[in-house]
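Small disclaimer: the values here were computed from a predicted structure and weren't measured. The sequence lines fix the lettering, A, B, ..., with proteins before strands; numbering per chain opens at 1.
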Amino acid sequence: MSLENFTGGRYPLTPHCFDELVTNAGTVRPPAGAIARFIDKHGAPELFKRQQQLNQTISDMGVCFTLYSEGANIDRAWPLDVIPRTIPSSEWQRTSAGLKQRLTALNLFIDDLYNQQKILKDGIVPADLVLHSKNFLAPCQGVSPRYGVWANICGTDLVRDEHGTFLVLEDNLRVPSGVSYMLENRTVMKRVFPELFADSTIVPVDDYPAQLWQMLASLSPRGDGTPPCIVVLTPGIYNSAYFEHSFLAQQMGVELAENHDFFVEDDLVWLKTLRGKRQVDVIYRRVDDIFIDPLAFRADSVLGIPGLINVWRKGKVAIANAPGSGVADDKVIYAFVPKIIEYYLSEQPLIQNVETYLCQDPLEQSYVLANLDKLVVKPANESGGYGIMIGPRATPLEREQMAAAIKANPRNFIAQPTLNLSTAPTLCDTGLEPRHLDLRPFILQGAELYCSTGGLSRVALTRGSLVVNSSQGGGSKDTWIINDEG
Amino acid sequence: MLARSGENIFWLGRYLERLDDTARLVNATSHLLIDSHKDTEFGWPVLLDVMGLDSSHILMEYGLDPKDASQLAHIEQAVMQHLISNVESPISIRTACSQLKFNARTIRQLLPRDMWEELNKLDSFVQQQCQALNGRQQRYQLMTEISRRCQMVLGSVDSVMLRGDAFDLFTVGRHLERADMVTRIMDVMVLQTLQPSLLKRPRFRWISILNALGGVESYHYYLANNATGAEADAIDYLLSYADFPRSVSYCLNRVAASAKGLPDSAATLQHVQQLQALINQQPLTDLSTAQLHELIDQIQAGIIHLHQVLVGVSLSEQQALTA
């Protein structure tokens, strides 16, 4: 296609999909005005040139992600498309209110589960669903972390339906990642498109590290006025999100440590520093629950900081996210979140869920089995896009195998209709083409609530594909919240 | 700072300096050849020997006979591969750069963004440009560019890095490596003149080494104001003239100054003092070439010992904490 007339209706919209930048009539949405003017003025050659500059900038800045088991060549350059995705600030205000509402309710829910369990007794959420979940951790019962908040950092995946309405696809409450790329995408774009930033009112994103530090500091159990010792706990340099761990530690000005840098003594957690031991107040852990403390969760594991959970239970150290938060990060629990919001907050959810069928319900299961070719089936407890079957794209054999897996373990599966995810113009070999994308904003809750400005937009780089995960060939876009409120 | 990170930041300093100094070592030879008679034979394998390798063994791995004069051009090529492009070689520029990046990645949280970016640019440049090696002229330019890019990293360190334990350890590592590499570069010259087959050849001029180390002008200043002799004084200058930032004496002073603020530095300071005494104990101008080679060996052994003391401190610290 020609780019000379981007606004002239030659961009090939995908039927029944909302496009982020272009209306169904082919006109440019107001927040994308500056981008359209740039494309019309400079044309395709300039876009390709800027894409090259952008790739070089990413390499210079060392923005990368790590793929599992790639041997020595462990770092991959982070994929970022030159065309940003725009959202008007008025819409973002409403969306972030909905995200804060959701996290508030989820935290009340987790705190309830590990204490009174009122919601189970009232029969809003089936008790066996929670109590038999592998994510319900017995050692966490009776604990109430500061402010009653368990999931301090949440990455919520949003998608738009064909009418452009945001829906929640999933809540990531364990160790959500991606925020470093949201921040670095913006830094890269500012260097590559300085004139676009002068031509529109793009709300900055860069207060996130300061907000994160403040939230973590608000969890510190030490009340003596000394600055808290906050440490990022990473599984190490070979972890897929190591880039993010070191980036966040650097941006917050705190230490990045591994299990063996800590030890427990006299009911306190200590860090081994060059100048002796230092008491740790807050651990921002980027390690899964079961690998935090070998004494608490897994007798067969030697990973973790022995004794940590005991210190945490006594309130002498804060852990974010708190162990056990994952009980609410389960695709079956997800289906109950609208009810959970109503139950705790007596409010209607501001953002809706995607319609979800629970395979453990016999009626819904039979619907799912009869419509496998139309549905997306997801395992309840996986992340990174692993284990998902997209019905319309699956082979008959894959569908058969999935049917057998569902019958064998119905609790472990949910199904959702195949969504017409929204699209945005993305630079491909031939020019601009629509590609499907989602959005992961990051919500913080400690003494206060905070929602990131926009989030990380992940885009499926293959035509028609709905898989946006970077571990499976997805790319990203900078997300611009454009001030439309004067 | 984590106890464990101490060693990484120390190595970061060492590898950055090693990269720069290996480039200078290669260029010292270019200067030598430019300044020599056109029939001069240069003992290329010496460049491997000064790096602590067995050159005959290495060259055999490249399928070459070090004694075969007809293979001289191939020997030069193989030595350069081993020093610059071969990723299997422990002393190559590409290996040093990978190690530099690895250490930086491990302690990124301690590094300012500017420094991190300069390190990334340096690494992509080295890994891309040091694959195929061309003639001497291009090699010279490539080495100069690598040194220049190392200076860019140092510039960012100098202007934005916090002055604290991390900076001190980085500085200690850098100057320990520099002292070590300067003695190795000097040894190239010493070993060249010791080679029996070359005894009849015109003696190489020390000025080439000074050129590669960026010290020609300051050497002239030194001659005009401090010394009397001629050639031998370059040795004195490179070892003990503490005002020149690439002299061994200067490097040791910097190691001591930076180590002073670090925990448990007594043993380090004591070793630095012993090394300084070794350099200053005799008038260096009186040394024969063989004695000079012997002295350089002693200094290098002292530097290895000093390294062990430095690294040992942070390790024992960790062990004491876990006990």
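- Once rounded to the nearest 0.5 Å, the distance linking NZ of K272(A) with OG of S5(B) reads 12.5 Å.
- L122(B) does not touch chain A: none of its heavy atoms, backbone or side chain, sits under 4.5 Å away.
- Ion pairing between R4(B) and E255(A) fails under the 4.0 Å rule for side-chain N and carboxylate O.
- The number of heavy atoms from other shown groups lying within 6.0 Å of CD (Q273(B)) does not exceed 12.
- Note that OG of S59(A) is 10.0 Å distant from CD of E117(B), once rounded to the nearest 0.5 Å.
- Counting non-hydrogen atoms of other residues, nucleotides and ligands closer than 6.0 Å to CE of M152(B) gives a total of 12 or fewer.
- We find the CG-CZ distance between D165(B) and R275(A) to be 4.0 Å, quoted to the nearest 0.5 Å.
- Of the atoms belonging to V231(A), not a single heavy atom falls under 4.5 Å from chain B.
- Residues P263(B) and L274(A) approach most closely at CG-O, 3.6 Å, considering heavy atoms.
- Of the two parts of T187(A), only the side chain, counted from C-beta on, holds a non-hydrogen atom closer than 4.5 Å to a non-hydrogen atom of chain B.
- For a residue to count as touching a neighbouring chain, one of its non-hydrogen atoms must lie under 4.5 Å from one of that chain's; by this rule T106(B) touches chain A with backbone and side chain alike.
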Criterion salt bridge (charged side-chain N to carboxylate O under 4.0 Å, His left out) on E244(A) and R108(B), from CA distance to verdict: CA-CA 11 Å; E244(A) 173 150 312; R108(B) 184 185 174 186; over 6 Å; no
Could you give me the CA-CA distance, side-chain angles and deciding distance for Q109(B) and H245(A), then say whether side chain to side chain contact (heavy atoms under 4.5 Å, CB included) is met? CA-CA 9 Å; Q109(B) 74 278 9; H245(A) 306 161; over 6 Å; no
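- Summarising the geometry of F247(A) relative to R113(B), their closest heavy-atom pair is CE1-NH2, 3.7 Å, with the distance given to 0.1 Å.
- Note that CZ of R278(A) and CE of M1(B) are 13.0 Å apart. Values are rounded to the nearest 0.5 Å.
- The environment of CD in Q137(B) is sparse: at most 12 heavy-atom neighbours from other residues, nucleotides or ligands sit within 6.0 Å.
- Proximity to chain B is limited to the side chain of Q251(A), based on heavy atoms less than 4.5 angstrom apart.
- Between the CD1 atom in I58(A) and the CG atom in N120(B) there is a gap of 12.0 Å [rounded to 0.5 Å].
- Heavy atoms of L119(B) lying under 4.5 Å from chain A are absent altogether.
- Heavy atoms closer than 4.5 Å to chain B are found in the side chain of Y242(A), but not in its backbone.
- Atom CD of Q274(B) sits in a crowded spot, with more than 12 heavy atoms from other residues, nucleotides or ligands closer than 6.0 Å.
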